[in-house]
Amino acid sequence: MALTLAALVAERPLGLRVRAAEAALDRPIGWVHPTELTDPQAFLEGGELLLTTGLALDETTSPAYIRRLVDAGVAGLGFGVGLSHESIPQSLVDTAHEVGLPVLEVPRKTPFIAITRAVSRAVAADEYASLVRTGKGQQELTRTAVGKGGPGGVVRKLAKLVDGWALLLDSSGALTEASPSARPFADELQDDFVRLRAGTLVTVAGEYEVVLQTLDTRARGVLAVGTREPLDAAGQHIVNTAVSLLSLALEQNREHSGALRRLRSGLCDLLAAGQGELATRTMKSLWGGVPEAPWSVLAVAGPASARRALADTLDAELAGETVFFGESGAFVLAVGEVEAVARHASRIGGLHAGLSEPVSTVDFPVGLRQAKQAAEAAKAERTPLVRFAEHAGRGFLEIVDSQAAQAFSDSLLAPLRHHDETGRGELVASLTCWLEHHGHWDLASARLGVHRHTLRNRMRKVAELTGRDLDSPGVRAEFWLALQVSART
């Protein structure tokens, strides 16, 4: 911590006395500068303790002199007595009181060099402490970055090192990592995030001064650090170190994630090509295991941006032995605990999923074909998920033009309906029951409650009226289709 005027006065060997603005002694001293110039502003940077014997000052010129020092931003004035002046001009003291500039009386026995040495020692100690703090902070951040903490660990460690909070925003402004208590500030900083194109922006959030700094990555990201007091030099160095480490870590994560996704896509291609053994062996070597077979294959279709968002979510939350996922063409594929994948997909707009029947690893191509067909059906129906079993169970009628099917049904069954309407029998019902029992005379007749010879006579009548041979499997299929269409209308 920098030496303050109060701490300098507390050094008894110097014998300094406070003559004005005692309430402002908490000001830090940046350096010491002795001068007898009446207007030293051009040689000052601000924050100095100015030392003078008042050689060119008197009661008339002192007030303007004090005001020039205030304009120059000096921390205080040390006035040596016993040389040019036996005491400090009263007008100087009064003006200093008025403008709040601390004035220290330096006794004749105290050389200015003693004050300079005291401040120099304090500045050197402060710089050394800052250097030690910076080095220690950099080491702690580096250990965290290369350890298991990752970007999140770096953000939390940074918050402790600067005694504040920190959060990391991605290219869209969404919160990705945050130290404890930092999350509520993410929304408050959105306008500043939009204004910041590159570099650094200093703003205020509540009682905190916030520094926003862009990361040096291809994907724009921003680190925000909030502290109750402005960052000192050590704090700034520590934040810059965190920015460098986060930039490197995120860029490495980006490269690693890209390579891993390409690998998963390659494994999906191997599975689709029937190379299940090679694919599963590779999965075991990378992840220590594979999802337990049989697999229900999930295929998710949708816009490329939505598929990428799903893959990002799965990367962060589901990658492991219990679920395998990858990208294949226009689909995201998954096996294992696919229910969780389907839930994530349903939360992302524009995605439609299809789920296959359980298949072995060898039969993955069959499951993939089923899943893709079900996904296309889900897309056509604008529903989040369609199971292949349900899709296949809808039968041939789902792929036949409804108007053409209705016309075919009406034409084929018209003679039977006309016959039934005259009260001469129940040909339509008898034909339906006979087909449902796969042409089994005894079972069908028992179901209808008639003698099997009666049923035979009715089937002969059906053949006679329609001109169709009921012994032909194709004819039976046509009748079944016509009856199903009729039942749905």
Side-chain angles (χ1 to χ4, degrees), residues 1-130 202 204 209 229-234 236:
M1 179 177 290
L3 181 70
T4 64
L5 292 171
L8 185 66
V9 172
E11 295 193 17
R12 293 185 179 276
L14 297 177
L16 304 178
R17 293 176 54 200
V18 182
R19 294 296 307 277
E22 186 172 2
L25 291 180
D26 59 347
R27 293 179 181 178
I29 303 172
W31 193 241
V32 181
H33 182 64
T35 180
E36 299 299 332
L37 296 175
T38 58
D39 187 6
Q41 293 182 82
F43 305 97
L44 302 175
E45 294 181 348
E48 299 90 351
L49 172 62
L50 198 66
L51 301 179
T52 184
T53 63
L55 183 65
L57 298 176
D58 55 30
E59 294 288 352
T60 302
T61 59
S62 290
Y65 173 73
I66 289 296
R67 288 186 167 85
R68 284 192 291 272
L69 297 187
V70 171
D71 292 340
V74 300
L77 174 66
F79 198 104
V81 295
L83 293 173
S84 302
H85 296 271
E86 288 301 319
S87 63
I88 303 174
Q90 189 61 43
S91 64
L92 186 149
V93 173
D94 293 342
T95 305
H97 268 304
E98 179 184 342
V99 298
L101 178 68
V103 175
L104 309 180
E105 182 180 286
V106 183
R108 175 69 179 83
K109 65 176 183 177
T110 302
F112 283 174
I113 190 64
I115 298 175
T116 301
R117 286 173 178 168
V119 173
S120 179
R121 286 194 301 269
V123 170
D126 189 53
E127 289 180 348
Y128 178 74
S130 177
V202 179
V204 175
E209 178 177 282
E229 298 293 334
L231 289 169
D232 58 12
Q236 292 172 6

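Residues take their numbers from the sequence shown, with the count starting at 1.
- With 3.5 Å as the limit, one finds a donor-acceptor pair spanning the side chains of Asp58 and Thr61.
- The shortest heavy-atom contact between Glu209 and Leu231 is OE2-N, 4.2 Å.
- Across all their heavy atoms, Gly100 and Ala21 have their closest contact at C-CB, 3.6 Å.
- Looking only at distances, a side-chain donor or acceptor of Arg27 sits under 3.5 Å from a matching main-chain atom of Ala75.
- Contact between Ala72 and Gln41 at its shortest, heavy atoms only, is CB-CG, 3.9 Å.
- Side-chain atoms of Ile115 and Leu16, non-hydrogen and from C-beta on, do get closer than 4.5 Å to each other.
- In this structure, Thr110 contributes its side chain and Leu14 its backbone to a donor-acceptor pair below 3.5 Å.
- Shortest non-hydrogen contact noted between Ser62 and Ser91 is CB-OG, 3.5 Å.
- Without hydrogens or angle criteria, Glu48 side chain to Gly46 main chain gives a donor-acceptor distance under 3.5 Å.
- A donor-acceptor pair is defined here as one N or O able to donate and one able to accept, closer than 3.5 Å; no such pair exists between the side chain of Glu59 and the backbone of Pro89.
- With contacts defined as side-chain heavy-atom distances shorter than 4.5 Å, the pair Pro40/Leu69 qualifies.
- The backbone N or O of Thr38 lies less than 3.5 Å from a partner atom in the side chain of Arg68, making a donor-acceptor pair.
- Annotation for Leu50 and His33: closest pair CD1-O, 3.1 Å, computed over non-hydrogen atoms.
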Audit row: Glu98, Arg67, salt bridge (charged side-chain N to carboxylate O under 4.0 Å, His left out) steps and yes/no: CA-CA 10 Å; Glu98 179 184 342; Arg67 288 186 167 85; 3.2 Å; yes
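- A heavy-atom distance below 4.5 Å is found between the side chains of Leu77 and Ile66.
- Listed by chain and residue number, nothing satisfies the side chain to side chain donor-acceptor pair (under 3.5 Å) test with Asp71 (two or more places apart in sequence, or in another chain).
- You'll find the side chain of Val106 stays beyond 4.5 Å of the side chain of Val81, heavy atoms only.
- Among residues at least two apart or in separate chains, ring pair (Phe, Tyr, Trp, His ring centres under 6.0 Å) pairs with a member in residues 46-81 are Phe79-His85.
- Counting heavy-atom neighbours within 6.0 Å of Glu22 CD, excluding the residue itself, gives a total of 12 or less.
- The shortest non-hydrogen separation linking Gly76 to Leu5 is CA-CD1, 4.3 Å.
- Judged by distance alone, with hydrogens and angles left aside, the side-chain atoms of Glu36 form a donor-acceptor pair with the main-chain N or O of Thr53 at under 3.5 Å.
- By the side-chain contact (heavy atoms from CB on, under 4.5 Å) test, Ala7 is found to be paired with Leu3, Thr4, residues two or more places apart in sequence or in another chain being considered.
- Side-chain contact between Leu51 and Thr35 is absent, with no heavy-atom pair separated by less than 4.5 Å.
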